[in-house]
Colleague: 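Right, I'll just put the structure down here and ask away after.
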Amino acid sequence: MNGSQYIAEFLKKKKLDKIFLVTGGAVAFIVDAIGKKNYSKLYCFQHEQSASMAADTTWRCSNGKKIGVSMATSGPGAVNLLSGLGCSYVDSIPSLSITGQVNIKESSKYGYAKLRQAGYQEIDIVKMAKSVTKFSIQVNSAHELKYNLEKAYHIATSGRMGPVLIDVPMDIQQLEVGEYEEFNFSDPSNDPSSLPSEDILKIKNFFKNKKRPLVLFGAGVGLSGTNEKIINWINNNDIPFVSSWSAFSFFDHNNKNYFGHIGVYGNRGANFILQNCDSLLVLGSRLDSRVRSSKSSNFAPLASKLVIDVDNEELRKYHNDEYSLVNNNIKHCVKHIQNMKLPRKNNEWFDYINDIKKQYFGKDISTFAKENKTLSPYKAVMEINKQIKKDSIVLGDCGAHLCWLYQVFKRTTETIFTAAGFGPIGYAHPAAIGAAATCPEKKIISFSGDGSFQVQTSELQVMKHHNMNICNIVMNDNGYAIVKQFQDSYMGSRYFGSGIKDGYSVPDIKKVAEAYGLTYIKIKNEKDLKKFRIPKGISVVEVVLAENTLIEPKTEMGRPLNDQFPFMKDKEFHKNNRFVKFDRVKKIVIDEVDSHE
């Protein structure tokens, strides 16, 4: 078989039957071989960015059974994959991208001159992709093709997982490469004996003699496949836990020991509990600035902290924070976690956390809609949440709508996700397509804002062409609400580039939906919301919000996580911080403003 046929056979051997792509001359031989193989289905997008974003969803939606595959031609096609690869890289999601490349004999790397380009649409995609992939390589022989396909797959799915890229010149695609070969690779992270005895003791004794224990449940728990074991341990011992956004999909939010999600846009009550604990066990969370806020010294300030993470580079950033650290896969730590010495139940602590939960958990505490007598985005999400079937897939784009979604959505058995770390706008449409392709039997509920909806509007055609069961919910407030709120805080409410009067615009969303032949529904008030029912098939649902609708609550720069906007009165603030005294910040220093906004 030739190189292209070998790639098609490799995909079949790995049971990768969904390919997301934009075709082109440099990848046409591979696409042709896949088509003739008649095993993998091709989903053709309008933009390569969408293809790699769709591939980002396969692992998320298949319970870790399959990785996503994207393909693109050389040059601009390959470069356009990078945003989707960024999503997978930051969130530790395995995926495989295969790019076509000009013939080796045409390539600039095979001449004496240092050319920018020799072949048409040639670019060094390997070098460009290295910062957003675990492994990126161009193959220049039959052996390199065979060996590196298997190596890339292994790297993508082992250790801290992530995307890989194989760049295949056109002459290698046509080269006779012989029969299929198997290669075996070992994974050191699969060795349970790799946990040193000192780390076992760190885990075993961490909660010993503590009075206010708390677990932070991160995405690494789910990615390691240990979420059920960890939840059983939590439930058997009545251990309170909070979560990061990326962990949302790995447990039932009705769990009595769950006290909400933390962070800059976290639940107010969960943040109070986090800040008042005296011992915090962090499982598989990289504690980025959205979780800890910009000032790490303000994060659970009086608590001992033990962080377990598979990526030692993530742990190195705590060298000034005096955290206890364990660098290992959580699946090798589970039995030691289960054998931890736990403190006696402290009634004062449990009375406190249950009182806080009663006040804030699952509540719409926003004030903007009430004060302005407009539709609350939180009420909209909560009402839609009630209608969503328990096996559905729910996803969000990036922007204010994502905060509104994650702040009040209560997950039971649904799959819910977003590109949490990289956070590109325009993620929702391709992610919904990837989800629908991976799980055609499930309903897909896709949330976006008016801004993010426009970025990949052309991909509505892919949904229509494949008759996908997707409900696209557009939270339309005529602007980039998350940016405008940032401008409110630090730029005197000058909405340059984000407001409808300052350069930004929104089309008639009804006309856009109708142009693609999609069902359109408009929700402009509570009466419409009460009547609304999620339609079957493909639809666009526009939820009309007031301009300048706020994200509530939100932590501003320089403040600890438990002092969120809208700011509560001092009496209530100090009452809710029962165990730790916090001095409130009176004035924000502009120099401290960070990207966490």
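FYI, side chains are in, hydrogens and waters are out, and symmetry mates aren't considered; it's all heavy atoms of this structure.
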Colleague: State, with a plain yes or no, whether a side-chain heavy atom of Asn576 is found less than 4.5 Å away from one of Asn562.
Modeller: no

Colleague: Quick one: is the NZ or CZ of Lys357 closer than 6.0 Å to the six-membered ring centre of Phe259, and within 45° of its axis?
Modeller: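 The answer is yes, since Lys357 meets both limits relative to Phe259.
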
Colleague: How close do Ser498 and Val483 get, counting heavy atoms only, and between which atoms?
Modeller: CB-CG1, 4.0 Å

Colleague: Looking only at non-hydrogen atoms, find the nearest pair between Pro163 and Leu85 and report the distance.
Modeller: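 So the two residues come closest at CG-O, 3.6 Å.
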
Colleague: Thinking salt bridges, do Arg160 and Glu313 make one under a 4.0 Å N-O criterion?
Modeller: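 Between Glu313 and Arg160 there is no salt bridge, as every charged N stays at least 4.0 Å from the carboxylate O atoms.
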
Colleague: Might you point out which heavy atoms bring Leu81 and Ser70 nearest each other, and give the distance in Å?
Modeller: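 In this case the closest contact between Leu81 and Ser70 is CD2-OG, 4.0 Å.
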
Colleague: With side chains defined as the heavy atoms from C-beta onward, is the minimum distance between Gln359 and Arg268 less than 4.5 Å?
Modeller: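 Gln359 does not reach Arg268 side chain to side chain.
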
Colleague: So does Lys379 have more than 12 non-hydrogen atoms from other groups sitting under 6.0 Å from NZ?
Modeller: no

Colleague: Is Phe582 close to His574 at the side-chain level, that is, under 4.5 Å between some pair of heavy atoms?
Modeller: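 Side chain of His574 against side chain of Phe582, heavy atoms only: no contact under 4.5 Å found.
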
Colleague: Determine whether Arg559 and Phe567 make a side-chain contact, defined as any pair of heavy atoms from C-beta on separated by less than 4.5 Å.
Modeller: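 Arg559 vs Phe567: side chains touch.
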
Colleague: I'd like to know whether NZ of Lys317 has more than 12 heavy-atom contacts from other residues, nucleotides or ligands below 6.0 angstrom.
Modeller: yes

Colleague: May I ask you to decide if the ring planes of Phe45 and Phe20 are parallel, tilted or perpendicular, using 30° and 60° as cut-offs?
Modeller: perpendicular

Colleague: How are the rings of Trp245 and Tyr406 set to each other: parallel, tilted or perpendicular (split at 30° and 60°)?
Modeller: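 If you compare the ring of Trp245 with that of Tyr406, the planes turn out tilted.
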
Colleague: Answer yes or no: are there more than 12 heavy-atom neighbours, outside Lys511 itself, under 6.0 Å from its atom NZ?
Modeller: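 12 or below, so no.
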
Colleague: Which residues satisfy the salt bridge (charged side-chain N to carboxylate O under 4.0 Å, His left out) test with Arg411, sequence neighbours excluded?
Modeller: none

Colleague: Is Thr418 close to Phe248 at the side-chain level, that is, under 4.5 Å between some pair of heavy atoms?
Modeller: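 A side-chain contact under 4.5 Å is absent here.
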
Colleague: Decide side-chain hydrogen bond (donor to acceptor under 3.5 Å, both in side chains) for Glu459 and Thr457; before the verdict, give the C-alpha distance in whole Å, the side-chain angles of both, and the deciding distance to 0.1 Å.
Modeller: CA-CA 5 Å; Glu459 306 307 353; Thr457 303; over 6 Å; no

Colleague: Under the side chain to side chain donor-acceptor pair (under 3.5 Å) test, which residues partner Asp583, sequence neighbours left out?
Modeller: none

Colleague: For the ring pair (Phe, Tyr, Trp, His ring centres under 6.0 Å) test, which of Phe250, Phe361, Phe217 pairs with Tyr258?
Modeller: Phe361

Colleague: Run the salt-bridge test on Lys386 and Glu383 with the 4.0 Å N-O cut-off and return the result as yes or no.
Modeller: yes

Colleague: Write down the atom of His401, the atom of Gly449, and the distance for their closest heavy-atom approach.
Modeller: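 For His401 and Gly449, the tightest heavy-atom pair comes out as ND1-N, 3.2 Å.
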
Colleague: I need the minimum non-hydrogen distance between Ala78 and Ala72, along with the two atoms involved.
Modeller: N-CB, 4.0 Å

Colleague: Report the C-alpha separation of Arg494 and Gln487 in whole Å, then their side-chain angles, then the decisive distance to 0.1 Å, and conclude whether the side-chain contact (heavy atoms from CB on, under 4.5 Å) test is met.
Modeller: CA-CA 6 Å; Arg494 295 181 298 276; Gln487 292 166 322; 6.0 Å; no

Colleague: Salt bridge (charged side-chain N to carboxylate O under 4.0 Å, His left out) with Asp364: which residues, sequence neighbours excluded?
Modeller: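 Scan of Asp364 (salt bridge (charged side-chain N to carboxylate O under 4.0 Å, His left out), adjacent residues dropped) gives none.
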
Colleague: Taking atom NE2 of His465 as the centre, report whether more than 12 heavy atoms of other residues, nucleotides or ligands fall under 6.0 Å from it.
Modeller: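 No, not enclosed.
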
Colleague: I need the minimum non-hydrogen distance between Tyr378 and Ser366, along with the two atoms involved.
Modeller: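 Nearest heavy atoms, Tyr378 then Ser366: CD1-OG, 3.5 Å.
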
Colleague: Please check this pair: side chain of Glu542 against backbone of Tyr520, looking for a donor-acceptor N/O pair closer than 3.5 Å.
Modeller: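 No, because the side chain of Glu542 does not come within donor-acceptor range (under 3.5 Å) of the backbone of Tyr520.
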
Colleague: Count the heavy atoms belonging to other residues, nucleotides or ligands that lie under 6.0 Å from NZ of Lys363, then report whether that count exceeds 12.
Modeller: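 Counting other residues, nucleotides and ligands, NZ of Lys363 exceeds 12 neighbours.
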
Colleague: Does a donor on one side chain and an acceptor on the other come within less than 3.5 Å for Tyr360 and Asn271?
Modeller: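 The answer is no; no qualifying pair exists.
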
Colleague: With side chains defined as the heavy atoms from C-beta onward, is the minimum distance between Phe422 and Asp91 less than 4.5 Å?
Modeller: no

Colleague: Taking the side chain as C-beta and beyond, is there a heavy-atom pair between Asn276 and Asn577 under 4.5 Å?
Modeller: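 Of all side-chain heavy-atom pairs linking Asn577 with Asn276, at least one is under 4.5 Å.
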
Colleague: Using a strict cut-off of less than 4.0 Å between a Lys/Arg side-chain nitrogen and an Asp/Glu carboxylate oxygen, indicate whether Asp288 and Arg286 qualify as a salt bridge.
Modeller: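 The answer is yes: the pair qualifies as a salt bridge.
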
Colleague: I would like to know whether Lys484 and Asn548 meet side-chain hydrogen bond (donor to acceptor under 3.5 Å, both in side chains); could you show each step before the answer?
Modeller: CA-CA 7 Å; Lys484 292 168 85 173; Asn548 305 335; 2.9 Å; yes

Colleague: Between Ile482 and Cys403, is any pair of side-chain heavy atoms under 4.5 Å apart?
Modeller: yes

